[in-house]
2 protein chains.
Amino acid sequence: MIRAPEPGPRRGKATIEEVARAAGVSRQTVSNALNAPQRVRDATLARVMDAIEQLGYQPDSSARSLRTGERRALGYLAPADDPFDPNPLMGGFLEALVDAAGAEGFRVLLFRPAPGARDARAVLDEVIAARQVDGFVLSDVLEGDARVEHVARAGVPFVTFGRAEAPGGGAAAGGALPLSASWVDVDNAAAVEAIVAHLAGLGHHRVVYLGSETGLPWMKERRAGFRRAASAAGLERLESVAPLDDPAGVVAVAREALGRRPTAIVAESDSLALAAYEAVRSEGLAVGADVAVTGFGDAPVARVLHPGLTSVRLPLRAIAGEIVRRLVGQVRGEAGPAEGLSLAAELVVRESSGPPR
Amino acid sequence: MIRAPEPGPRRGKATIEEVARAAGVSRQTVSNALNAPQRVRDATLARVMDAIEQLGYQPDSSARSLRTGERRALGYLAPADDPFDPNPLMGGFLEALVDAAGAEGFRVLLFRPAPGARDARAVLDEVIAARQVDGFVLSDVLEGDARVEHVARAGVPFVTFGRAEAPGGGAAAGGALPLSASWVDVDNAAAVEAIVAHLAGLGHHRVVYLGSETGLPWMKERRAGFRRAASAAGLERLESVAPLDDPAGVVAVAREALGRRPTAIVAESDSLALAAYEAVRSEGLAVGADVAVTGFGDAPVARVLHPGLTSVRLPLRAIAGEIVRRLVGQVRGEAGPAEGLSLAAELVVRESSGPPR
DNA sequence: TTGTATGCGTTATCAT
DNA sequence: ATGATAACGCATACAA
């Protein structure tokens with residue numbers, strides 16, 4: 001038989017007062033036992049810890065937060081919907097972020113702009129004004145991102161996944177904010193360079209880049225990496241640009257790209273690589289044997305595809321770890337590493353990238 | 001120029017006291033203006049609201065929580081890693097959950113078991129003991145799920161995505177808990193039945209179910225739905241069972257299934273449908289024209305595939321909405337709907353399911 | 001080493 | 001309709 005849960009806020013959990021009574025000490029000593037154990041005699045400490053264990057006591061997070069000002073929570077603003085590419089990485093990154101935050105004693109508070117809201121500043125203001133978090137993690141950040149500027153202006157610690165500042169440019173004119181005081185990103189350019197190097201090493205000599213028409217910074221970096229590496233390796237280098245929101249159109253472009261008779265297709269994303277597969281097959285050719293295809297991101301589909309898709313895996317756990325490290329450092333007021341950090345992606349070679357026939 | 005953020009907990013945000021001073025009233029009146037506007041004279045109300053607006057005041061969430069006992073936060077225990085099928089739906093469900101919670105004035109607190117932890121009870125206890133949330137959303141729930149029992153025993157409100165109780169069985173023997181006091185789920189069986197009915201309507205007569213060897217309840221429901229609908233429609237009904245963790249093995253099974261010469265393949269998931277695509281193509285046949293293939297879940301890949309994959313779309317927004325409605329009802333102590341709710345998935349017909357040749 | 005007193009910002013009770 | 005007072009649970013400065 002189980003008793004019905006008590007009504008009211010407390011829900012029957014222990015308070016520091018009850019622990020103190022159980023251990024025969026003042027609540028002060030309990031607090032000390034938790035926050036400054038060295039100030040408590042061993043015997044007492046043991047007794048207190050025992051009572052704590054016994055009662056399953058943990059400080060009420062609200063009371064502690066009210067007193068200390070720290071929330072032990074990091075805010076993550078979930079990216080807006082993108083029906084075309086519901087960022088398959090977000091899930092993986094979020095998990096890594098939650099783990100990394102948890103290791104530092106922080107939880108992750110998730111929120112989104114109200115549906116239909118013009119931008120995210122309103123909800124950011126709510127979270128800030130209600131003091132629900134100690135800092136923010138902002139992802140999918142663009143150059144001159146309004147969210148970034150807003151949070152920076154509010155004086156709340158934050159770290160971005162991706163740089164909100166053009167690589168070359170420091171602070172802009174005027175009293176500009178240190179927008180990218182701390183960012184972590186995957187080295188998109190280097191990742192594509194690794195792909196191209198891999199292909200060049202296999203003997204490929206005519207390579208087409210299958211990209212999209214977005215101006216997203218990470219996409220631009222990938223393209224730049226392609227150009228650099230292909231030139232460096234002395235490859236014949238072609239480029240195709242696919243539309244954004246039209247699967248059929250994408251395949252059409254992929255077929256056109258294939259029509260230029262490359263020995264390899266370097267796709268900007270795994271989705272585009274999938275379109276390349278379709279194009280190659282529609283010509284009666286075999287991916288990997290007749291034409292090499294590579295992707296980007298190493299989405300789940302990369303493993304399931306046949307032949308398996310050569311791609312690059314984003315170091316999401318490392319990124320999340322570094323983001324949390326920096327953010328928690330800021331929260332604690334430490335003068336930690338303020339510069340940005342680019343992390344290398346890992347090339348995952350599968351059967352889609354064989355040598356040219 | 002921007003001033004450096006103030007140190008300390010307050011970070012320069014307004015308190016109720018400051019608002020009161022600015023409006024020339026007591027803090028009580030400010031509180032009333034916010035929580036019981038009808039008790040405040042219009043003129044005063046206007047003055048107070050003005051000051052609130054002016055100062056960008058919002059109640060400190062910790063102070064309010066300490067006083068009222070409500071956290072205005074819902075806890076979501078993120079599912080454990082599954083490298084084989086990193087639940088592509090989770091992202092979509094989470095977003096819907098955050099939106100639904102936000103509409104009710106709740107945030108979502110995300111957490112996971114410590115990496116390497118034997119089970120999730122420890123972290124649940126932490127969140128409960130620290131009173132960080134008003135209730136929990138538990139997903140991917142199994143029959144007799146330990147997490148469910150644990151939360152139920154703690155007397156904390158919760159709602160599950162999926163039923164933690166066998167469909168027929170009420171309370172078990174002894175003082176069993178009302179484990180599934182409130183659950184919401186997608187009607188897996190009905191969804192597959194809709195698929196089969198669709199195929200039967202097209203004239204298919206020999207159909208193979210491509211399933212996996214998991215005993216997960218939702219998978220069992222899908223299979224049951226297949227059997228029921230196929231029998232009802234008088235179809236020749238076959239079944240194949242794929243291994244879990246081996247893409248190559250999966251395709252082998254899919255080929256074997258195809259070897260039984262069905263006119264259509266009903267896959268248990270979109271991933272398995274992808275394997276079916278591979279099998280069909282490896283035989284030189286065309287998906288949709290020679291053999292119909294259907295999936296389950298309507299993952300992003302379903303749209304990108306060629307031909308587009310006929311699948312069923314999970315009503316994630318509706319599910320999240322119902323979950324939040326029930327959970328918030330419990331939190332508020334309303335005697336809301338305690339029974340479970342099965343929501344219909346939506347059949348999405350694409351080119352992969354043509355009539356038999 | 002331990003206990004006493006105070007305040008964090010808010011809301012509820014009660015008086016006016 | 002408004003204001004004074006108390007209390008939520010905790011941590012800290014200070015006294016013992």
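The chains referred to below are lettered A, B, ... by the order of the sequence lines, with proteins before strands, and numbering in each begins at 1.
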| Pair A:H150-A:D119, side chain to side chain contact (heavy atoms under 4.5 Å, CB included): steps then yes or no | CA-CA 11 Å; A:H150 200 67; A:D119 70 339; over 6 Å; no
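- Counting to the nearest Å, the P atom of D:dT5 and the CD1 atom of B:I16 are 17 Å from each other.
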| task | Kindly determine whether B:S62 and A:R71 satisfy side-chain hydrogen bond (donor to acceptor under 3.5 Å, both in side chains), including the steps that lead there. | result | CA-CA 8 Å; B:S62 295; A:R71 263 55 188 171; 3.1 Å; yes
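- Remark: P of C:dT11 and CD of B:E70 are 10 Å apart, rounded to the nearest angstrom.
- Taking only side-chain nitrogens and oxygens, A:R64 never comes nearer than 4.0 Å to OP1 or OP2 of D:dG9.
- In terms of position on DNA chain D, the residue among A:S31 and A:R39 whose nearest nucleotide sits closer to the 5' end is A:S31.
- Of the candidates D:dT2, C:dG9, D:dG9, the closest approach to any side-chain atom of A:A63 belongs to D:dG9.
- When rounded to the nearest whole Å, the span between CG of B:L66 and P of D:dC10 equals 9 Å.
- Between the P atom of D:dA6 and the CD atom of B:Q28 lies a distance of 14 Å, rounded to the nearest Å.
- Closest approach to the A:S26 side chain among C:dT13, C:dT4, C:dA5 is made by C:dT4 (side chain taken as heavy atoms from C-beta onward).
- The interatomic distance linking A:D60 (CG) with C:dG9 (P) rounds to 17 Å, in whole Å.
- Dashed line: the shortest gap from a side-chain N or O of A:R67 to OP1 or OP2 of C:dG7 is not under 4.0 Å.
- B:V159 pairs with exactly one of B:I323, B:V137, B:L138 by the side-chain contact (heavy atoms from CB on, under 4.5 Å) rule, that one being B:I323.
- Of the side-chain N and O atoms in A:S65, none sit less than 4.0 angstrom from OP1 or OP2 of D:dC10.
- A straight line from CG of B:L45 to P of D:dT2 spans 9 Å, rounded to a whole angstrom.
- Listed nucleotides D:dA11, C:dT10, C:dT1 differ in distance to A:T44; the shortest reach to its side chain belongs to C:dT1.
- Comment: A:D185 does not engage A:R163 in a salt bridge, judged by the lack of any side-chain N to carboxylate O separation of less than 4.0 angstrom.
- In this structure, A:Q58 atom CD and D:dC10 atom P are separated by 11 Å, rounded to whole Å.
- When heavy atoms are screened at a 4.0 angstrom cut-off, B:S62 is found touching no nucleic acid atom at all.
- Using a 4.5 Å heavy-atom threshold, the side chains of B:I52 and B:L34 count as touching.
- Between D:dT2 and B:T29, no contact under 4.0 Å exists linking OP1 or OP2 to a side-chain N or O.
- At D:dC8, none of the side-chain N or O atoms of A:T15 fall inside 4.0 Å of OP1 or OP2 (strictly under the cut-off).
- In this structure, B:N32 atom CG and C:dA12 atom C1' are separated by 10 Å, rounded to whole Å.
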